[in-house]
There are 2 protein chains.
Amino acid sequence: MATIYEVAALAGVSPATVSRVVNGQRVSEEKAALVRAAAAELNFTPNRTARTLRRQNSEVIALVLPDIENPYFTSMARGVEDVARAAGYSVVLCNTDEDPAKEAKYLDIAISENMAGVVLAPASDHTDLQHLVARGRPIVAVDRSTRFDIDGVMMNNRQGGLSAAQTLVDAGYRRIACITGPRDIETAAERSNGWREIVTRAGMFDRPDDYLRYSTFRVDGGRTAMQELLAMENPPDAVVAANNLMGVGALQVLTETGLTPPAFGVAVVGDLPFTTLPPASVSIVRLPARHMGVTAARMLLERIDGDTQPARTVVLRNEIIPATSVPAPTV
Amino acid sequence: MATIYEVAALAGVSPATVSRVVNGQRVSEEKAALVRAAAAELNFTPNRTARTLRRQNSEVIALVLPDIENPYFTSMARGVEDVARAAGYSVVLCNTDEDPAKEAKYLDIAISENMAGVVLAPASDHTDLQHLVARGRPIVAVDRSTRFDIDGVMMNNRQGGLSAAQTLVDAGYRRIACITGPRDIETAAERSNGWREIVTRAGMFDRPDDYLRYSTFRVDGGRTAMQELLAMENPPDAVVAANNLMGVGALQVLTETGLTPPAFGVAVVGDLPFTTLPPASVSIVRLPARHMGVTAARMLLERIDGDTQPARTVVLRNEIIPATSVPAPTV
DNA sequence: CTGAAAGCGCTTACAG
DNA sequence: CTGAAAGCGCTTACAG
């Protein structure tokens, strides 16, 4: 693996000059030509590890996500990647599996590899960013907020749960349940808060929380929660699923039970991934996943470029697409 | 950011001793205790960039994939990640988008960051691995083979296409079409070869390839191809989709047309991601995505540990799950 | 077991 | 514009 010294020797210049050519600094055209020829001849690729060590800064951005198998997050990843690439950064994707220990490990790596910055969807609201912040590494939180005073890109989760529940009320369903993710994940709590507000206002239940299930933000979680709801003495006739994968799980169980929409109402906070359902059979709160990634990456790049304005939180809009208004069955 | 020198000074030992403690080498217990205390006090994290530069080897593995939004690949990624993590390596995911230029960029980065090795699903059969091979970096190809003499983990693609087509023949369909990915992607070509073999053997068409469509390995690709097939003068009554996403696209179009299985037969080479279809309504050739990742990671780790045996190719089995045998409609 | 010293491959003030 | 030299933070033969 050719080094800058070998290129310098072959070109008859100093290593400093080679470095300058590689980095596009002022060098006389004749020497530059010599260097380029030598570099090509030796198949020279600059060693990024050495560059990073010297510059104290690498050209990679870490994107730390809780579930890389969730299309919501991969879609966000595409947004981050497109913006970062255009600015000359590469993106490494780290999967925390919602596990604070794995997350801590990856954040440590981001520090010790001198990465340029981090876009993070925190695994819990206890995520510790002190090290990163203390070292002045730019961080942008996406999807979920943190206890630290850093930039963030969020959506209005309460509003999402609210719209989802309201659209089912409007369609005439009378017993609207909710399945959501772990309590300590902000998006899970807020979305179910929105749902609770609607069913309470409608006076739908004596004890609304009897119709609320906490589970994991995964297909299995949605399945389990849905099965529990259907097994209730007085089961619901509709459900708000607080994320895309839970929505899939709920729909699987409903399909297996022969209860497809609109016989049973379903509204999902999030887009159903790879759906083959008839169009508009389920109400969807569309989440701007890719756009969140784009926005987060832009904010991060601004910080990397030295922007020191106070921390900002951007809240993106989400949009409800109601199921085609087939009225709910009147029992 | 504390360095090894500061820790050494605080502990009253040499930097070499600190290094030895950090790396678990023989150090007297008293000095080790001193070092640990000092490290904790200063919140010391070893600088991986420096370590990598010195050792000429990092503890990260690159996983280079053509489409990070395809659950087939993210599932593979989980397999790689789990094995790699257990061995102390972290995995960085790189998305090439089936673009050879992006792929080349990431492979360059893998070299210049001194990564320990690469697991690669090549974007095309022209992928150039010369640099990597010349530098002796271990590489394992997954899903698709290369022109280079390296380890690989594949599946029997022709067999997959063959089983998918055969199961539709067995169910009684008479005009079985095929939609597949780009010609220059090995898996696309081989799976359609399997299909062609079956329909030819069955004497199903005068010119089988009239019922073959090449498109992208994405949902859109499946949609377009399916629409074209349905618009034919003499349309098919069943289709083999050569990958999971094309299968989704085809099913979307069929659903929108009111032609759901088994009215129209569908067999997919690959698992339908996040499906909400009634169980067993579509025939599926299950692909061992996660297992491929696990196998590839293990092979890579062996090479990283210095194994020099000749290159191996492992071919994993795939398994057909036929749709419940509702007979096809007899026209 | 421990330390002094060299070196991994770059970049970048500093002089000229 | 160009080069000599120092230094980024580690690790690791080499001596002792």
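Protein chains get the first letters and strands the later ones, always in sequence-line order, with residue 1 at the start of each.
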- Task: Sort by first number and list every stem of DNA chain D: at least 3 consecutive Watson-Crick or G-U wobble pairs, both distances under 3.5 Å.
- Result: C:1-3 with D:14-16, C:5-12 with D:5-12, C:14-16 with D:1-3
Would you say [Y] and [X] are linked by a side-chain donor-acceptor pair, where the criterion is simply a distance under 3.5 Å?
{"X": "A:R51", "Y": "A:N57", "answer": "no"}
{"X": "A:E186", "Y": "A:S145", "answer": "yes"}
{"X": "A:Q309", "Y": "A:D307", "answer": "yes"}
{"X": "B:S124", "Y": "B:D184", "answer": "no"}
{"X": "B:S90", "Y": "B:E59", "answer": "no"}

- Can B:D125 and B:R144 be counted as an ion pair, charged N to O under 4.0 angstrom? no
- What pairs with A:N95 under side-chain contact (heavy atoms from CB on, under 4.5 Å), at least two apart in sequence or on another chain? A:I68, B:R78, B:E81
- Message: Does a side-chain N or O of A:T17 approach OP1 or OP2 of D:dG3 to a distance below 4.0 Å, or not?
- Response: yes
- Identified side-chain contact (heavy atoms from CB on, under 4.5 Å) partner of B:V133 from the options B:D128, B:T146, B:I150, B:D149: B:I150
- Task: Could you encode protein contacts along nucleotides 8-16 of chain D as a string, one character per nucleotide from 5' to 3', using B for base contact, S for sugar-phosphate-only contact and - for no contact, with a heavy-atom cut-off of under 4.0 Å?
- Result: BBBBBB---
